[in-house]
Amino acid sequence: MDALERATGVARYAADWKKKDMLYARIITSTVPNGRVVEIDKSGASGTEGVVDVVTCFDDRTIWHAGEREHERRLFTDRVRFVGDCIGAVAARTRMAAQKGSEAVRARYEEYQATFTIESSLREGAPKVWDDGNVLKTRNYGYGDVEEAFGACSVIVEGEYETARVHNSQLEPAASLAWWEGDRLTVVAATQSIFGCRNGIARDLGIPADNVRVITKYKGGGFGNKADSMNYDLIAAILARRTGRPVMVEYSRSDEFTSVHGRWSSRQKLRLGCDQSGNVLALEVNAMCDIGAYTRRIKPFNFVDGAQSYYSCRAFRGEDAGVYTNTPATGHMRAPSGPQSCFASETIMDEAAFRLGIDPLQFRLRNMVRVAHNSETLTSNGLEECLRAGAEAFGWKERRNAGAVAAETSTGAGVAIAAWHSRLGRGEAAVSLTRDGRIVVRTGVVDIGTGAKTTMAVIASRNTGMPIESVDVEWGDTEGSPYSVGESGSRTTAFTGTAVKAASTALRGRILEKASGISGIAPGSLEIRNGAVLNAGRKLLAVEDVAETLESELVEKAATEPALPKGTERLSFAAHFAEVEVDSETGAVRVLKYVAAHDSGPIVNSLTATSQVHGGVIMGMGMALTEQLLISDYDGSVLNGSFMLYRLPNIKQTPDIQAIFINTDDPFGPKSLGEITLVPVAAAIGNAIFNATGVRLRRTPFTPERVAAGIEGKRSESLPGAR
Amino acid sequence: MSGKWKRQVSFTVNGASQSLEADVRDTLLDTLRDRVGLTGPKKGCDEGVCGACSILLDGRAVCSCSMLAVEAHGSNVVTIEGLGKDGEDRLQLSFIAHDAMQCGFCTPGQIIAARSFLDSPGADLTAEGIKNALSGNICRCGCYANIIEAVLAAARSGGGEP
Ligand code: FES
Ligand code: FES
């Protein structure tokens with residue numbers, strides 16, 4: 001759905017909108033990493049031809065995310081915490097004038113010492129990013145007696161693992177257009193959640209939510225970074241109010257890298273204990289994450305998350321903390337804490353299997369989760385089938401490198417498993433039959449490219465009995481849509497889909513009642529199939545005929561909020577298999593074949609679900625092989641904030657990818673999919689590199705330099721007399 | 001005062017001739033989007049790396065963010081909007097049929113690059129050839145596998161002629 005609009009270029013994304021007398025805005029950002037703005041001289045900007053307004057931290061004190069303790073911050077701040085922190089904005093008649101104007105603003109700072117790494121932030125007497133300390137400690141968690149369990153282990157493996165900071169980098173840069181009509185504000189935003197965005201804007205501007213309308217028709221990806229109201233939405237609204245004209249804020253690609261959050265990096269110490277026959281008894285995880293100067297961490301996510309949910313072990317202990325540094329903000333990116341955690345734990349599992357001489361696939365089959373967190377029942381668990389079906393399709397036995405050392409290139413295979421939250425939550429939908437016989441689905445979610453719109457249409461089609469061509473899905477505008485949580489956390493299908501299903505089923509009943517009124521046959525003896533009302537398999541009349549008799553649209557609304565029974569956990573599962581080829585001279589890694597087996601419950605639309613898997617695997621390959629946001633150790637600024645230097649996967653790296661779905665029967669229907677597709681990728685590739693070369697990589701990304709250095713190290717180890 | 005920055009630019013866009021006074025510093029991409037009103041070409045990076053802004057310039061795919069409007073004077077420009085009306089273009093349909101897009105932001109650029117590739121004489125109509133031809137078009141949603149399928153299918157059905 002909407003594919004035609006996208007393929008023909010008529011789909012309108014935020015930056016494609018235009019309003020009469022529209023102004024362009026640019027942000028003014030801090031040039032020091034830690035300090036206070038003492039004075040701002042706007043005269044250069046105000047004097048620039050075309051500049052209409054300049055707003056700074058001294059003119060406007062709006063708080064972004066007001067009242068949310070862990071990530072509220074001033075929209076334009078005088079207390080700057082990283083190079084790039086927003087201190088003001090300029091609105092001008094042209095893009096060029098706005099740019100020139102923003103460059104002409106002069107700020108004077110009182111500079112403080114700054115800290116750019118986890119170590120220096122933790123040091124005694126470290127410069128303070130926040131007055132109440134540099135550590136955002138989240139939790140100590142676990143179950144069982146870890147020390148006792150370790151005592152019973154005959155093999156204990158320890159390791160330190162690091163994942164680099166990466167960036168969402170959706171292809172559409174941030175853009176927001178706002179205008180006022182009296183006290184009513186309209187914002188064309190690139191958000192994943194029009195209602196979240198509306199409510200956030202209203203809260204921060206101190207106006208009633210009913211006075212704010214948010215429109216998002218198309219959105220160029222997000223992967224978690226536009227889940228709510230963003231600062232640029234507020235900036236557009238404030239400048240529009242000040243100037244009385246529509247204002248468009250557009251971020252450049254380098255603004256994106258600096259001013260929009262990416263994924264936090266992690267440093268994790270793990271300890272894993274097994275008995276002699278390879279049963280995991282104890283696991284311990286200690287994680288520190290560099291979360292930058294701000295974090296958009298929204299509960300209930302944690303900084304690392306996972307391992308304890310896909311393995312069965314007697315005891316588990318975890319501790320994680322976020323550490324503030326004077327570097328750009330971090331926040332949600334597709335499965336916020338998942339891949340960091342999975343990389344560390346799935347690598348150490350592989351190390352343990354190797355030490356024990358057990359095939360990694362068998363090791364996982366033996367230890368995979370049966371009962372969550374040692375006590376909770378899973379609503380469904382298709383992990384074992386993921387492992388078996390995936391291994392079969394992949395050709396696990398044949399592709400494993402038995403240890404032959406090839407001269408120039410070597411190949412190997414690796415596996416990794418993962419689980420991800422598949423919560424239940426509130427969904428709302430209205431489904432109606434129009435007088436011309438069409439089905440209209442209205443929800444508040446936004447299609448950011450996960451195929452959600454098509455999925456909603458499929459659900460409505462199946463449950464009303466109408467052909468998919470007769471179904472329209474309307475959304476993307478807070479006016480006219482019922483409330484929805486918006487698309488984040490892979491939950492559209494699960495949350496909103498449930499409501500669409502309920503409303504569609506109810507509508508079907510209403511249509512049958514009407515048909516019964518026309519035909520005189522009891523509703524119970526009628527059914528709708530492919531747009532026709534049938535009685536005992538024979539067509540009585542078309543749904544269109546029923547529609548014609550209506551005085552107005554027939555509407556059914558549903559709000560659903562299923563809850564999990566106590567002591568129950570609901571998870572999606574995956575088992576990924578990667579085959580790589582490593583060039584032992586250059587260290588370059590190529591992924592040749594990839595099989596991703598998923599248990600996300602019953603799959604509604606296998607075409608778009610497959611695309612989700614492809615997308616997650618490709619993004620995971622980026623994290624594994626090329627992506628790393630480089631931070632200057634001089635001033636904490638982003639060193640590679642361009643697509644030239646921050647390398648996203650391109651089409652040439654595309655391996656042969658196969659998606660497999662285990663359609664596990666889950667009592668609550670479809671489980672989440674979008675996020676977990678990325679979670680195990682880096683671990684699977686790292687494990688494959690180990691199988692190919694014997695080099696164990698404990699840091700992402702696996703750049704050619706690191707791989708080559710590892711191979712070099714191996715070689716010198718095996719030279720006679722090297723030690 | 002601003003007159004020294006202005007030049008008259010005439011070119012053909014999607015079959016219609018256009019003449020406008022452009023700022024010599026304006027890119028072709030901004031000019032198409034802001035002045036001609038064609039927002040099919042997207043601004044993904046504005047630095048010539050992502051390919052979202054691809055257009056056909058005299059039949060060849062180029063990044064419109066990396067050239068100035070004045071450089072297009074006298075040229076024949078085709079944007080995604082000019083490729084077949086109402087989605088009749090076989091390549092566009094093939095992208096749809098193969099679910100070769102998710103958010104769709106890169107799609108106009110991908111299709112333009114693929115069009116240019118299919119139209120070039122002696123194009124290597126294999127997966128490898130397609131990968132080479134489209135290597136300048138980033139898709140963050142990771143639709144590459146389906147994009148390759150879509151272009152291959154269009155190539156098979158007669159070079160994807162509209
Ligand atoms: S916008 Fe032109 S190449 Fe990215
Ligand atoms: S479809 Fe989203 S970037 Fe390609």
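Excluded from the calculations below are hydrogen atoms, water molecules and symmetry mates; all remaining heavy atoms, backbone and side chain alike, are included. Please read these numbers as outputs of a predicted model, since none were measured by experiment.
Other residues, nucleotides and ligands contribute over 12 non-hydrogen atoms within 6.0 Å of the NZ atom of A:K593. Residue B:R25 places its CZ atom among more than 12 non-hydrogen atoms of other residues, nucleotides or ligands, all under 6.0 Å distant.
For A:K652, the parts sitting under 4.5 Å from any heavy atom of chain B are the backbone and the side chain alike. Residue B:N137 does not touch chain A at all, counting heavy-atom pairs closer than 4.5 Å. Contacts between B:C143 and chain A at a heavy-atom distance below 4.5 Å are absent for every atom of the residue. Within the 4.5 angstrom heavy-atom criterion, atoms from both the backbone and the side chain of B:L134 approach chain A. At a 4.5 Å heavy-atom cutoff, the contact between B:D99 and chain A is made by backbone and side-chain atoms alike. Within the 4.5 angstrom heavy-atom criterion, atoms from both the backbone and the side chain of A:A15 approach chain B.
Looking only at heavy-atom pairs under 4.5 Å with chain A, the residue among B:T79, B:N146, B:I130, B:I147 that has the most is B:N146. Per-residue counts of heavy-atom pairs under 4.5 Å with chain A were compared for B:V49, B:L38, B:N132; the largest is that of B:V49.
For A:R95 and B:D30, the salt-bridge test passes: some basic side-chain N is under 4.0 Å from an acidic carboxylate O.
The stretch residues 66-78 of chain B participates, sequence neighbours left out, in no side-chain hydrogen bond (donor to acceptor under 3.5 Å, both in side chains) pair at all.
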